[in-house]
Each structure stands twice: as C-alpha cells, then as structure tokens.
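Some notes on the structure that comes next.
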Amino acid sequence: MKTSFYPTDISYVVKDGKPVIQLFGRTVDGKQICVLDAFEPYFYVVGKIDVKDIEALQQDDLMVVRVEKVKKNLNEHETSALKVFVNIPKAVPVIKDLVKQLGVDVYEYDILFTRRYLIDKGIVPLTLTEVDGEEVPAQLKVPCIKAKKIVPKEDKVLQPKMLAVDIETYNPVREVNPSKHPILMIGLYGKDFSRVITWKKFPTKEKYVEFVQSEADCLQRFVELVAQYAPDFLVGYFSDGFDFPFIHERARINKVKLDLGLDFSELEIVGRTQKEAKITGISHIDIFKFIRKVIARSMKTDVYTLDAVSGELLGEKKHVVAKELLFKAWDDNEGLEEYCKYNLQDCVLTYKLTEKLLPNLTEFVRIVCLPPFDIVRMTFSTFVEWYLMNQAVKRNEIVPNRPGRMEEMNRMSDRIKGAFVFEPKPGFYENLVVFDYRSLYPSIIASHNISKGTLNCKCCGDPKMETERGTFWFCGKQKGLFSIVISDLILRRAEIKKQLKTSKDPLLAARSEALKVLANSFYGYMGFPPGRYYCIECAESTTAWARHYIHKAIDAAKQSGFTVLYSDTDSLFVLLENKSKDDALALMEKINKDLPGMMELDYEGFYPAGIFVSLRAGDSGAKKKYALLDEQGNFKIRGFETVRRNWSFIAKDVQKKVLEIILKEHDAPKAKSFVRQVVEDLRKNKIPLDKVVIHTALSKAIAGYANVGPHVAAAQKMEAKGLEVGAGTIIKYVVIRGKGLIRDKVKLADEASQDEYDGEYYVQNQIIPGVERIFAVLGIGVDDLTKNTRQSSLGNF
DNA sequence: TTGTGGCGGGG
DNA sequence: GTGTACGCCACAA
C-alpha cells in the first residue's frame, strides 16, 4: 500500500538489537502517522589495512557487521575506501576508535544516525514523500507503517498544524525560580482554539478560561489538550529557555507525567548552556531562536522581546498589564481575568509570528534537508556546512572531519586581511553615481573556482593571486565543491527572481532570501575555525580577488575621467561632474566586459546630492558615514549612529531637518539659522516638554549599576514612588535646571513642567552632537550655532 | 589591542 | 546522542 505524507520529525529506536528509524509526519488526508524503516549505521575507513582486521573488531555488544570496498573521493581526489557497517549507532564511536588505533584514517563517524538517514535517502522534511508498506501494530499514539520503500515524491510542502503555548508564573521577586514558584496559568492558541488553564476560580464570561483544582491538574490538563489538538508544531517564544524548562521542573515537583511524545515518551530538556526542549514526534519550535538567528538581520528593532518583534512584524502588541503585580493579583484574587487575556495574547502573537515566518522556516528546512526542530536551533555556519555535506554525499565525496581541539586553536589565531576601503574626503557633493558588484564574494568563489580541493593544483597554475599568506591559485580543469555548490545557489536564485517578477508567492520570496543568505554565508564559513571545510587560503583568496576587482573598477573609472569619491568592499561612488548618466553606464559596460564568469558590476543608483562626514572634527576618514538624497527625495543614511533610541525627539528632529535643508535646498545658512532658532527656543523653554523627554531602557536591575547615570537616577525615583522597575523598563525623564551632577537634575517626565527643563543641557548634549559633524563639513563651527552673534553669513555653495 | 565574563529572551 | 554549541557588548588588563 502506498501512502503520501509530509515528514516533520525523526527519531530512532533499537529493537531486537537493530536500529529502526521512526519518521513522524502527516498524511495528505491530514492523519498523523509514523513510518518505520530499517537503516544501518556505518562510517568510512581510508588507508592500508586488511579487511579481516576490521571485521574482527568488537567490544561488548558493539560490533562490526560487515565491510564493503567502495570508490570514493577524498578532498576531491579519487580514493578507495572501506565502508564499515556496525550493529547499532552507539557502536560507531567505539569501533571507529578501535579502527583508528590500527593506524588508518576514519571518516563520517559523527554524523547523527537520523541525519545520516535523511541524507542517504534524500528525504526532505516538510516535503511530500511516498512510502510503500503495510500498517503494523506498535506502541505509539499514531498508526505505524513499516516501510518497504520510501522516496521523495512531489515538490509540495506541508501546512503544519500549529499550537502556541505560553505560561505565567507566580513571581514575587525579580528572579525566575521554578523550584519555589508555581505556574499560575498555561495558555494555548491554535486554529479555532483558544484556552487559558488556571487553578484559581474567579467570575468570568470569557469562554477560553478553564478552571482546574491545582497546579498539578493544570499541567495534566495541558498534556491532555496537546494530545487532543495533535499539533505538528508546538510553538513558544523563548520556550527552550523558559516555558518548557519551567513546566518540566514543576511537573517533577508535582509528580505529573509529561508524556507528550507520540511514543509516550516524556518532555526532555537537554543541553547545559543552550537548553533544548524535545518531544518525540512533535516539533517544538522556539520561534524566538529562529527570529534572532535568521530574521534579525533584516529587522529594525535591536531588542527581541515578544512585544518589540510582534510590533514590527505583525503591527500588533502585547496586552498591557502590570506583569510584575501578577503575584499580588493571584494572592488577592483580583483582576486575574486581565492576566488570562495577557497570557492568551502572548500565545496569539507567538502563533501569528510563526505563521508569518513559516515560508522562511520551510525553505531553510528544504535547502538544508534537516527537520524544523534542528533548523530553528542552528547557526549559519552549520547551515552552510550541512548543505555542503548533503552535496558532498551526492557527489560521492567523503566528508572531512571536524578539527581537533588543537587544530581549532591554531585556526583561531589565523586572521585574514579584510576588504579594501577607499575613504572619502568629508564634504558636500552633487550628482553621484553608485555602482556595486552583485554578490561579490559568492560570485568570486564561483568564478575563480575557489574550493578546498582545487587549491594550488598540480595540473595548472593560472591565474595566481598573491596574498598576505602566500600565492594561491585554483584548478582550471576540475570544478571544486564550493564553487559548484555556490554557482548552483546563484543560478537557482536567479531563476526564482525571474519567477518573482510575475508572482508574489511568499514561498518563492522566502526561497530567494534563503538562497541569498546561504550563498553570502560561504565566505564567512571558509574562515570559521570549527568548520569541516575550513579553508583559510580560500577565504584569503576571496578577499584578495575582491580587492583586485574593486581596484580594477576604480582604475577604469579614473581612466574614463571620473572622480572616485568613495569605495568600500564591493561598492564604488563616483562624481558625475561634467559627465552624464549615460557616460556612467558606458563605464559600467566597459568594466563588465572584462569580468570573468558570474561576476557583474551593477548600477545601484544616481544621487543628486550627498554629504560625507568625518568621525570627529579634524579626522580624515569618513568611512561608512554618509547621507545621500535620491531623485525621489528619499534619504539613504549610513553610519549616523547619533540617531538613537535614547535621544530626545528634538535631537532627532533637528538632525533630520538639517540634512533635509542641506541636501534638498543646498542652503547652509538656512540650516544654520534653523539650528540657532531651536537653540534659542530651548534656552527660552519654548520647545514643548514632550520633545525633550529622553527615553532609555534599563538594561539591568537598578542595584546592578555601579555608577548612577541620569536614567538610573530617574529609575530610582520611579522605584521610590512604588513603581516596579527592572531590566527592560523604559525610563522617561527630563533634565531640569540646577547645580551639580546631571543625575541630581533629572525629573520623571510626567512630573516635570515646561518651564523648568534645562535648555542649555539639551543644546550641548543633544542638539549639537547630532549636527556638529554635518556643519563641520560646511565649515561651520559649534560656536556659530550656539553663540549669540546675530550676524554671520556663509555664501551659498 | 586583546581577553574574559555576562547576558540575551522569559516571569 | 554516531554531537558540539552562540555572538555581542562592557569592562579589565
């Protein structure tokens, strides 16, 4: 009988001395199943040795089953190897040590059994798979099929059934302590399903609230409801680090069995430093981990609280309630309904976030070919590595070993020379054109065949590249693994981008993004010390070629009569002066004609005006600090770190307005008089109070601060008023007039009045630092902005 | 400049 | 579990 299903999770058991893979998933008609498949553990041996010597190896009940002679490639060169099969997975590390003692090399002895299975069978989680086999009885919560044959079927993906979970705990002090404090409520949210289980009764009309007798009952009911809902994904926010470890400990204390696993196994917390909560057959997705690792780089926020992340990605926030007073509400049984609402809303947000990011998660699962549980918890280097390993196996390559401790230490001391930066002269410029190399590092790796196995080959030697650590070249006859794999990624992405022009499918967009991110991670991976495919010569060559090509573009621009203003890594800023945009495009064509393979210089844009500022007045470099104005009137601002959260609105407003006047109107005197007006208004307390409020988030508990800065002083005042203040609390304060230290002059925002704020403080510490460097470029000093001289002029520029 | 310790997220 | 763990920042030396 043939069954089509989407695998979601994988594990294995040893039955009658033989390992059996358990592949959990959901069938096309929506039923959960488990597929059982026999699979043999093995590893490779390379070296001169008698097969009989290996066959004889045994230790207790761990033994070699058989040995096969195979043809493989090692570091991209042909070799003969022995494939050593052992009886159970646990035997691999033991037997490989025995083999190693015989003086030969061993490989692929640390690839997890379940992952080995996925690679070898080419099974892609979340993707339609067909199993041929009969149903067999088994001790599981779901029907079991014993596989005769299992193959990937169609390029269709699962819409997983998801359940979000969140807990609230009794928390009288600022400390998380599951051994002392009980769980008060557990929230669940899924499709057409809302529930908050709690064990103190109060009157309510909300249907989602369910009362039970005790904390133990609450935990018990949680287990029942999860089983009833039968999710593919159980989702939480920081649930590896908080919710599940807490639930686990409370269940232990209350003697409740958390047999959530589809094989009746209990929730398991593994790992010392980075905890992971595992449930057999159900994928526990800690969406926080995925967001911080994969999505974070494309987000604006710099804090990853559920509130901030939901706000940005969903436009929805947490339910507002005094969380730190929950223990009191519980003791007095007053206002608990609000906390239930809060609990449920956290689940809703967690659910929606996962729903939104599902295309991204799914694409990483499909590219890297690992279960969602693993993908959510992996870093980029492991993504690249796992992808390479998959490709290596497909190409009959033996996967290199990870470095030993010593080797890794040696690698860590190796630093490579970075990218080329041509620093601009600070100043105001008109009519700039920006070019950049499209995917510079990936395209160099692809075009120059940069790979561990093609490094300094014996058969050819061009072109050579001189680097800091020697002369390197890459084979011109045989394509290397890195280069093949990265070319494939680039081509696949180009194909998807074509499709995206006529389609808005979020899966396609996510796939394109995933491919890009993966390709961009290759360069970093080559210099990643714990990597299996570590190749410092490859990384060094990549940056050396990058410098070569950017210099080439700079030279070509100069030769065509352009003034080169600025260049960093892969981009080039030139001034048009008396030339046209067409001249710039012609220059680009000329440069592109000589580029090898997949390399290409792109026209990034034309900017009517731009300003480059220096780090400090007098400093020559203006690296990565500029503001450009495009033809639509939008700003492109880089490196102005002055616009920060903990600045007052007036400081941000003034900086923005000054850039606008200078770039759009080219009117320095106007910008100057604007600032002077603000300075005067501040000194006369004419700027509204809410514009001078400073917002700062407390990074830790008040007691943790050794020296009391202004925001800490303000926090102390809040505490004195009886408000709960801790890490993460946003402190809003105003600096008022007076003598002494700043911290003695702070007032809470809602207690200060319009006429008492210290205008001079704002001028010196908020306004001036934000615009000082911009004016320095125009030859206008701080005194010109703040001193009370009515007359001072500067010609138009 | 390099090295180390703590913390993020959650309540 | 055929395992090994991050990455950034503040602060010190």
Side-chain angles (χ1 to χ4, degrees), chain A residues 11-12 14 19 39-44 62 84-97 106-117 165-178 180-185 236-247 268 270-276 278 286-289 291-293 296 302-309 318 321-327 330 339 342-343 346 350 374 377-382 385 399 401-403 405 408 412-413 415 524 528 530-532 699-700 704-707 724 726-728:
Chain A
S11 62
Y12 81 93
V14 175
F39 188 62
E40 289 183 284
Y42 67 88
F43 62 98
Y44 290 110
L62 310 173
V84 179
F85 292 87
V86 295
N87 59 337
I88 56 171
K90 273 199 167 72
V92 174
V94 176
I95 302 288
K96 76 98 182 163
D97 278 340
V106 287
Y107 294 95
E108 300 194 19
Y109 49 78
D110 57 356
I111 299 173
L112 293 187
F113 188 58
T114 53
R115 295 184 179 179
R116 169 98 268 170
Y117 174 84
V165 58
D166 179 56
I167 64 169
E168 306 303 328
T169 64
Y170 189 82
N171 194 217
V173 280
R174 276 195 298 275
E175 145 198 52
V176 173
N177 193 340
K180 272 199 234 152
H181 303 140
I183 292 171
L184 306 183
M185 42 188 80
Y237 197 88
F238 197 57
S239 40
D240 261 347
F242 177 70
D243 300 76
F244 281 116
F246 210 109
I247 288 173
E268 217 188 332
V270 295
R272 305 196 307 277
T273 44
Q274 285 290 84
K275 280 182 274 195
E276 294 177 356
K278 299 184 103 166
D286 184 345
I287 199 63
F288 161 74
K289 285 198 167 160
I291 290 170
R292 221 187 45 179
K293 268 184 274 213
D302 47 14
V303 283
Y304 292 91
T305 58
L306 178 58
D307 197 46
V309 170
K318 282 172 76 126
V321 69
K323 193 172 70 175
E324 60 281 355
L325 295 177
L326 168 58
F327 77 96
W330 183 265
Y339 288 95
Y342 171 86
N343 187 203
D346 276 8
T350 303
D374 294 332
R377 291 163 180 79
M378 277 167 86
T379 57
F380 271 101
S381 0
T382 21
E385 182 155 291
V399 174
N401 294 329
R402 341 171 89 97
R405 196 89 199 113
E408 196 182 324
M412 284 206 275
S413 57
R415 281 287 146 84
F528 174 60
R532 292 171 187 269
S699 64
K700 51 188 172 183
Y705 284 89
N707 23 358
E724 192 75 13

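Within every chain, numbering begins at 1; the chains are lettered A, B, ... in the order of the sequence lines, protein sequences first and strands thereafter. Hydrogens, waters and symmetry mates play no part in the numbers below; they use all other heavy atoms, side chains included.
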Could you tell me whether [X] contacts a base, only the sugar-phosphate backbone, or nothing, with contacts defined as non-hydrogen atoms closer than 4.0 Å?
X         : value
Tyr342(A) : sugar-phosphate
Lys180(A) : nothing
Lys90(A)  : base
Phe380(A) : nothing
Phe43(A)  : nothing
Asp97(A)  : nothing
Ile88(A)  : nothing
Asp286(A) : nothing

Rounded interatomic separation in angstrom, taking [atom1] from [X] and [atom2] from [N]:
X         : N      : atom1 : atom2 : answer
Arg377(A) : dC6(C) : CZ    : P     : 16 Å
Arg402(A) : dT4(C) : CZ    : P     : 7 Å
Gln274(A) : dT4(C) : CD    : P     : 16 Å
Ile287(A) : dG8(B) : CD1   : P     : 21 Å
Asn87(A)  : dT2(C) : CG    : P     : 13 Å
Tyr304(A) : dG7(C) : OH    : P     : 14 Å
Lys289(A) : dA5(C) : NZ    : C1'   : 10 Å
Met412(A) : dA5(C) : CE    : C1'   : 13 Å

To the side chain of [X], which of [options] is closest?
X         : options                 : answer
Val92(A)  : dG7(C), dT2(C), dG11(B) : dT2(C)
Tyr237(A) : dG9(B), dA5(C), dT2(C)  : dG9(B)
Pro93(A)  : dG9(B), dG11(B), dT2(C) : dT2(C)
Thr305(A) : dG10(B), dC6(C), dT2(C) : dG10(B)
Val303(A) : dG9(B), dG8(B), dT4(C)  : dG9(B)
Phe288(A) : dT2(C), dG11(B), dG9(B) : dG9(B)
Phe238(A) : dG9(B), dT2(C), dG11(B) : dG9(B)
Arg405(A) : dA5(C), dT2(C), dG9(B)  : dA5(C)

(request) Fit a plane to each ring of Tyr170(A) and Phe327(A), take the angle between them on a 0 to 90° scale, and name the class: parallel (under 30°), tilted (30 to 60°) or perpendicular (over 60°). (result) perpendicular

(message) Can you classify the ring geometry of Phe113(A) versus Tyr12(A) as parallel (below 30°), tilted (30 to 60°) or perpendicular (above 60°)?
(response) perpendicular

(request) In plain terms, say whether Lys323(A) and Asp346(A) are close enough for a salt bridge, that is, a side-chain N and a carboxylate O under 4.0 Å apart. (result) no

(message) When the C1' atoms of dG7(C) and dG11(B) are compared, how many Å lie between them, rounded to an integer?
(response) 25 Å

(message) Suppose you measure atom C1' in dC6(C) against the same atom in dG9(B); what distance do you get, rounded to whole Å?
(response) 14 Å

(message) Any donor-acceptor pair, under 3.5 Å, between the side chain of Arg292(A) and the base of dG8(B), if you only look at N and O atoms?
(response) yes

(message) Tell me whether the side-chain N/O atoms of Tyr339(A) come closer than 4.0 Å to OP1 or OP2 in dG11(B).
(response) no

(message) Between Lys293(A) and dA5(C), is there a contact of a side-chain N or O with OP1 or OP2 at under 4.0 Å?
(response) no

Look only at the side chain of [X] and the backbone of [Y], and say whether a donor-acceptor pair between them is shorter than 3.5 Å.
X         : Y         : result
Asn171(A) : His181(A) : no
Glu168(A) : Met185(A) : no
Tyr339(A) : Ala322(A) : yes

(message) Is the positively charged end of Lys96(A) above the ring of Phe43(A), judged by distance under 6.0 angstrom from the centroid and angle within 45° of the axis?
(response) no

(request) Name the residue closer to the 5' end of DNA chain C, choosing between Phe528(A) and Lys278(A) according to the nucleotide with the nearest heavy atom. (result) Lys278(A)

